[in-house]
Every structure is written in structure tokens, then in C-alpha cells.
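Remember, it's a predicted structure, so these values are computed and weren't measured experimentally.
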Amino acid sequence: AQTVTQSQPEMSVQEAETVTLSCTYDTSENNYYLFWYKQPPSRQMILVIRQEAYKQQNATENRFSVNFQKAAKSFSLKISDSQLGDTAMYFCAFMKDSNYQLIWGAGTKLIIKP
Amino acid sequence: DTGVSQDPRHKITKRGQNVTFRCDPISEHNRLYWYRQTLGQGPEFLTYFQNEAQLEKSRLLSDRFSAERPKGSFSTLEIQRTEQGDSAMYLCASSGDYEQYFGPGTRLTVT
């Protein structure tokens with residue numbers, strides 16, 4: 001069975017700093033997808049970024065980028081120039097290519113301080 | 001299109017009562033998912049539909065839980081004989097490919 005581990009329950013950084021959130025996963029699959037979702041307080045889950053396992057190039061979306069290390073089964077999220085609106089729970093999630101079920105980590109609470 | 005919607009947003013019910021939640025997906029999406037999220041945890045998969053067919057159900061989905069998507073559009077999730085342990089946020093998502101987009105959730109409190 002697949003598992004996703006987020007080892008940082010909570011992180012706090014100053015506005016404009018760069019922060020990296022960690023995620024590791026365990027799978028025997030070769031084809032899969034990885035995602036980072038953001039859940040602001042009392043608001044809905046928002047897709048931040050995705051990575052296809054067959055792509056070697058790391059995904060980037062504006063201030064958000066990932067460091068995907070397939071052999072190490074690691075998928076970290078870097079947020080550059082952090083903003084107050086980035087304060088949220090961040091969840092790492094895994095999906096096998098053969099089904100559409102998301103397997104989630106426990107989340108990292110990120111606080112951006114002014 | 002305004003995204004995935006869920007109704008109601010909040011539901012308080014007494015133990016033993018039945019409740020039903022509705023999810024309206026993004027219109028062009030053929031897949032619809034239900035997840036349950038308890039406080040401070042990541043979501044847990046419950047079930048998903050491709051069009052009107054329910055293709056997968058989690059072991060978490062006990063006999064008291066049933067989901068339908070009768071015409072391949074909106075879906076309902078019913079919980080019969082609610083228990084206090086059912087208190088959670090119930091999330092619905094939809095997708096056209098592998099990216100899932102979530103609704104705001106229905107928060108259920110069982111007293």
C-alpha cells in the first residue's frame with residue numbers, strides 16, 4: 001500500500017522568506033502523480049502544483065516549485081517570496097496511474113509572519 | 001462555471017438520525033470523489049464515480065454510508081444512523097483527468 005509522510009507538523013517563517021516543505025512517499029509503482037494542495041483556514045482545498053513521475057523536470061508554478069527525487073521517493077515544495085496569504089495547511093498527495101484515489105499526508109501547518 | 005459546490009455547508013444532527021449531502025461537480029468533469037477529513041488530518045478517500053458508475057469504495061465506507069450519482073451529474077452521500085464518530089468534514093471533488101478540484105465541504109457534527 002502507498003503511504004505519504006509529511007514530517008513537519010508546523011513551520012513558521014517571515015514574510016518574503018523562502019520555505020521548503022518536505023514530503024516522502026512509499027510505493028512500488030513506476031507511474032504515478034504527486035500533488036501539493038493548500039487548505040487555508042476555514043477555506044477549501046486548492047491545488048498548488050502537480051508532478052508526473054515520468055517527467056524528470058521539476059514542476060514550477062510562479063512562486064511555487066518542487067524538488068522531485070524519484071529514486072529517493074521525495075517530493076518537497078519550495079515557496080519563494082512567501083506572502084501572508086500563503087498561511088495554510090499544506091498537504092502532499094499521491095495518485096497511482098491506474099486509479100484516481102488520492103493518498104494524503106497528514107499536512108504541514110505553515111504560518112507566514114508579517 | 002463556478003467550481004464544485006456542496007450543500008449544506010454545515011449540518012448538526014442527533015445521533016441515530018440520517019443525513020444526506022449533495023455535491024455538484026464542475027460540469028464537464030466525468031469523475032466525482034468523496035473524502036472525509038477529521039480535524040488536523042489529511043483527507044481519507046471514501047468512494048469515486050466515473051459518470052454514474054461507482055468504481056471504488058474504501059473500507060471506511062461502512063454499510064451505513066451510501067453514495068449515488070444517478071445521472072452522472074450531481075452526487076449524494078447518505079449516512080444512516082449517524083454516530084458521534086461520523087463527525088467530520090465531508091469533501092467532494094471532481095476531475096476531468098487526474099487533477100482533482102475540491103468543493104468547500106460539508107461539516108457534519110453529530111451530537
Side-chain angles (χ1 to χ4, degrees), chain A residues 1-10 21-25 29 31-55 59 61 64 75 77 88-111, chain B residues 2-10 21 23-26 29-51 53-61 67 69 75 88-107 109:
Chain A
Q2 289 74 34
T3 59
V4 177
T5 302
Q6 293 180 251
S7 59
Q8 304 150 314
E10 185 169 325
L21 309 184
S22 301
C23 173
T24 58
Y25 57 94
E29 302 287 326
N31 297 319
Y32 51 87
Y33 303 93
L34 294 162
F35 304 87
W36 280 97
Y37 279 87
K38 165 186 176 180
Q39 190 175 38
S42 301
R43 294 184 59 192
Q44 67 198 71
M45 197 77 77
I46 302 165
L47 177 62
V48 174
I49 199 166
R50 73 175 190 277
Q51 175 79 44
E52 294 90 338
Y54 64 84
K55 291 186 177 179
E61 290 285 344
F64 299 87
F75 182 60
L77 175 70
M89 285 290 291
Y90 285 80
F91 293 97
C92 178
F94 169 98
M95 179 193 291
K96 286 194 299 187
D97 190 29
S98 56
N99 72 27
Y100 298 92
Q101 177 185 152
L102 283 171
I103 308 298
W104 300 78
T108 295
K109 183 178 182 179
L110 177 63
I111 299 169
Chain B
T2 57
V4 178
S5 62
Q6 292 187 245
D7 183 70
R9 296 289 304 275
H10 303 274
F21 310 141
C23 172
D24 287 87
I26 294 171
H29 286 177
N30 61 350
R31 295 190 190 95
L32 186 148
Y33 313 80
W34 286 99
Y35 293 87
R36 181 170 68 185
Q37 185 180 26
T38 52
L39 202 60
Q41 300 296 317
E44 296 172 298
F45 171 80
L46 293 178
T47 189
Y48 97 91
F49 294 83
Q50 182 156 318
N51 300 315
Q54 188 173 18
L55 295 187
E56 193 165 343
K57 290 171 59 173
S58 165
R59 291 169 298 175
L60 293 174
L61 214 65
R69 194 182 183 198
S75 175
M89 179 75 85
Y90 290 84
L91 300 174
C92 176
S94 70
S95 73
D97 52 16
Y98 56 87
E99 289 187 1
Q100 296 183 20
Y101 295 89
F102 283 78
T106 294
R107 180 168 295 285
T109 302

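In this structure, the separation between CZ on B:Phe102 and CD1 on A:Ile46 is 11.5 Å, given to the nearest 0.5 Å. How far CD of A:Gln44 is from OG of B:Ser5: 10.0 Å, rounded to the nearest 0.5 Å.
Contact annotation for A:Tyr100: both backbone and side-chain heavy atoms come within less than 4.5 Å of a heavy atom of chain B. Residue A:Met45 touches chain B through both its backbone and its side chain, counting heavy-atom pairs closer than 4.5 Å. For a residue to count as touching a neighbouring chain, one of its non-hydrogen atoms must lie under 4.5 Å from one of that chain's; by this rule B:Leu55 does not touch chain A. For A:Gln39, the part sitting under 4.5 Å from any heavy atom of chain B is the side chain, from C-beta outward, and nothing else.
Annotation: side chain of A:Leu102 is not in contact with side chain of B:Tyr33 (no heavy-atom distance under 4.5 Å). You'll find the side chain of B:Phe45 stays beyond 4.5 Å of the side chain of A:Ile103, heavy atoms only. Inter-residue side-chain proximity for B:Tyr35 and A:Gln101 is flagged as unmet; no heavy-atom pair is nearer than 4.5 Å.
Among the candidates A:Glu52, A:Met95, A:Arg50, A:Gln6, the residue making the largest number of heavy-atom pairs closer than 4.5 Å to chain B is A:Arg50. Chosen from B:Ser58, B:Gly103, B:Gly105, B:Gly40, the residue pairing most often with chain A at heavy-atom distances under 4.5 Å is B:Gly103. Ranked by heavy-atom pairs under 4.5 Å with chain A, the first of B:Gln100, B:Gln41, B:Met89 is B:Gln100.
Between A:Phe35 and B:Tyr98 the shortest heavy-atom distance is CZ-O, 3.4 Å.
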